[in-house]
Amino acid sequence: MRSGGRSRRIGVLGGTLDPIHVGHVETARVATAALSLSSLVILPSRVPPHRQNGPSASPFHRFAMAALALSGLPYATVSDEELCTEGPSYTVLTLERFADRWGEGSQIFFITGADAFAEIETWYRYPAVLDLAHFAVVSRPGTPVRSLGERLPTLTSRFRDPRDRDDPSGRRWIYPIDAPTPDVSSTEIRRRLRDGESIQGMVPAEVELHIRRHGLYLETTTADHLQ
Ligand code: ATP
Ligand code: MG
């Protein structure tokens, strides 16, 4: 591993994950490879500050589906940090807690898709949030990372090539990662399930089984489904 043994390089991928899908898994995988991350934490959020409507599967089901999606990745874990913390899930507050807990020997890389990062100026405690972790920003179909320079001109000096290593300055960087990821969204998956359409290939097989078994994302409740 190129990162050497001295500092743990921990990737954190947050989101509503309602449900987790192959786009999330691939985004996490390409960031892990591009930045030689040593471990990966998937972080379902509690109350997404930018959303009008709450998620449509419970936090328990979202956590369970994330764990199922990652069962084949030995370096990955699912964190209940935001689900168990009162109030909205603000990334800046979570990153502060992680930095305290994991200590100086760790570097945190917060992984986002380019669509989410394009909205960074609206995040709680921007721009301070950018000083708490490195950001790994992965292209999403419709939002390539090369569009970000034009969208966020004040941040271009913070962009750094993911192949560059060992910056002793302690600066926090933004690493754009231009890799193809599947053109899938949770919104489209929820719509398909509501309309009785196939979601095959859009979520890992274990996740689809969980969704079907518990009747998630249908108009009826879980209890109705079991009648
Ligand atoms: P929704 O449609 O409900 O917004 P979503 O598919 O966008 O769901 P989120 O939970 O909002 O999923 O996304 C969590 C994180 O994963 C965000 O940073 C988002 O940009 C990123 N992401 C999701 N899908 C992809 C993808 N296909 N490629 C790259 N990044 C992705
Ligand atoms: Mg989204």
Side-chain angles (χ1 to χ4, degrees), residues 11-35 37 40-59 61-70 76 78-79 81-83 88-92 94-95 108-124 126 129-130 133-148 151-152 162 174-195 199 201-204 207-208 211 216-217:
V12 177
L13 188 148
T16 359
L17 311 179
D18 188 22
I20 195 165
H21 55 65
V22 293
H24 299 125
V25 177
E26 183 61 8
T27 298
R29 202 192 62 74
V30 299
T32 302
L35 291 161
L37 303 181
L40 180 69
V41 175
I42 300 293
L43 179 73
S45 44
R46 187 165 190 257
V47 183
H50 296 105
R51 303 227 175 189
Q52 302 295 322
N53 305 310
S56 42
S58 72
H61 279 300
R62 290 186 291 120
F63 186 99
M65 290 187 282
L68 286 168
L70 300 171
V78 186
S79 169
E81 181 72 26
E82 292 194 340
L83 298 180
S89 301
Y90 288 119
T91 301
V92 69
T94 306
L95 288 176
I108 303 174
F109 295 77
F110 193 76
I111 303 165
T112 76
D115 63 314
F117 192 79
E119 305 299 324
I120 188 87
E121 288 166 324
T122 69
W123 288 24
Y124 183 57
Y126 171 87
V129 62
L130 292 171
H134 301 289
F135 277 69
V137 185
V138 181
S139 289
R140 183 165 187 172
T143 316
V145 281
R146 65 179 172 280
S147 68
L148 290 175
R151 170 85 187 231
L152 302 163
I174 299 163
Y175 292 99
I177 299 169
D178 192 15
T181 56
D183 191 5
V184 178
S185 75
S186 301
T187 302
E188 172 66 6
I189 291 167
R190 293 193 300 269
R191 185 200 65 74
R192 282 174 177 245
L193 288 162
R194 244 188 349 259
D195 294 349
I199 59 160
M202 300 175 84
V203 297
V207 173
E208 178 167 4
I211 289 171
L216 303 183
Y217 305 109

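In listed order, ligands and their atoms are each counted from 1. Every heavy atom of this structure was used, including side-chain atoms; hydrogens, water molecules and symmetry mates were not.
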Polar proximity ligand 1 side, [X] side, N/O cut 3.5 Å exclusive:
{"X": "H21", "value": "yes"}
{"X": "V138", "value": "no"}
{"X": "D18", "value": "no"}
{"X": "L17", "value": "yes"}
{"X": "G23", "value": "no"}

*For atom CZ of R191, decide whether the heavy atoms of other residues, nucleotides or ligands shown that lie under 6.0 angstrom number more than 12.*
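It does: R191 CZ has more than 12 such atoms within range.
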Can you list the atoms of ligand 1 that are under 4.0 Å from a heavy atom of [X]?
{"X": "G15", "answer": "10 (O), 14 (C)"}
{"X": "T112", "answer": "18 (O)"}
{"X": "T187", "answer": "1 (P), 2 (O), 3 (O)"}
{"X": "T181", "answer": "26 (C), 27 (N), 28 (N), 29 (C)"}
{"X": "G14", "answer": "14 (C), 15 (C)"}
{"X": "S139", "answer": "28 (N), 29 (C)"}
{"X": "A116", "answer": "17 (C), 18 (O), 20 (O)"}
{"X": "D115", "answer": "19 (C), 20 (O)"}

Can a non-hydrogen atom of [X] be found less than 4.0 Å from any atom of ligand 1?
{"X": "E188", "value": "no"}
{"X": "R190", "value": "yes"}
{"X": "S45", "value": "no"}
{"X": "A114", "value": "no"}

Rounded to the nearest 0.5 Å, how far apart are [atom1] of [X] and [atom2] of [Y]?
{"X": "L152", "Y": "F117", "atom1": "CG", "atom2": "CZ", "value": "6.0 Å"}
{"X": "Y175", "Y": "I177", "atom1": "OH", "atom2": "CD1", "value": "10.0 Å"}
{"X": "L68", "Y": "F63", "atom1": "CG", "atom2": "CZ", "value": "10.5 Å"}
{"X": "T94", "Y": "E82", "atom1": "OG1", "atom2": "CD", "value": "3.5 Å"}

*asked:* Between the side chains of R151 and E119, is the shortest nitrogen-to-carboxylate-oxygen separation below 4.0 Å, so that they form an ion pair?
replied: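 Salt bridge flag = yes for R151 with E119.
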*Any side-chain heavy-atom pair of M65 and L17 under 4.5 Å*: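 Not touching, per the 4.5 Å side-chain cut-off.
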_pair R62-L83: side-chain heavy atoms closer than 4.5 Å_ =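 A side-chain contact exists here, since the closest heavy-atom pair is under 4.5 Å.
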_Assess the residue pair H21 and E188 against the criterion (side-chain contact (heavy atoms from CB on, under 4.5 Å)); give the C-alpha distance rounded to whole Å, side-chain angles, the decisive distance to 0.1 Å, and a yes or no._
CA-CA 11 Å; H21 55 65; E188 172 66 6; over 6 Å; no
Between [Y] and [X], do the side chains contain a donor N or O and an acceptor N or O under 3.5 Å apart?
{"X": "E26", "Y": "T181", "answer": "no"}
{"X": "T32", "Y": "R29", "answer": "no"}
{"X": "D18", "Y": "S186", "answer": "no"}

*At a non-hydrogen distance cut-off of under 4.0 Å, which region of T27 contacts ligand 1 (side chain, backbone, both, or neither)?*
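The part of T27 near ligand 1 is the side chain, not the backbone.
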*Check each heavy atom of T16 against ligand 1 and say whether those closer than 4.0 Å belong to the side chain, the backbone, both or neither.*
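Both parts.
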*Of G113, A179, P141, P182, which has the heavy atom at the shortest distance from atom 18 (O) of ligand 1?*
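Heavy atom nearest to atom 18 (O) of ligand 1 belongs to G113.
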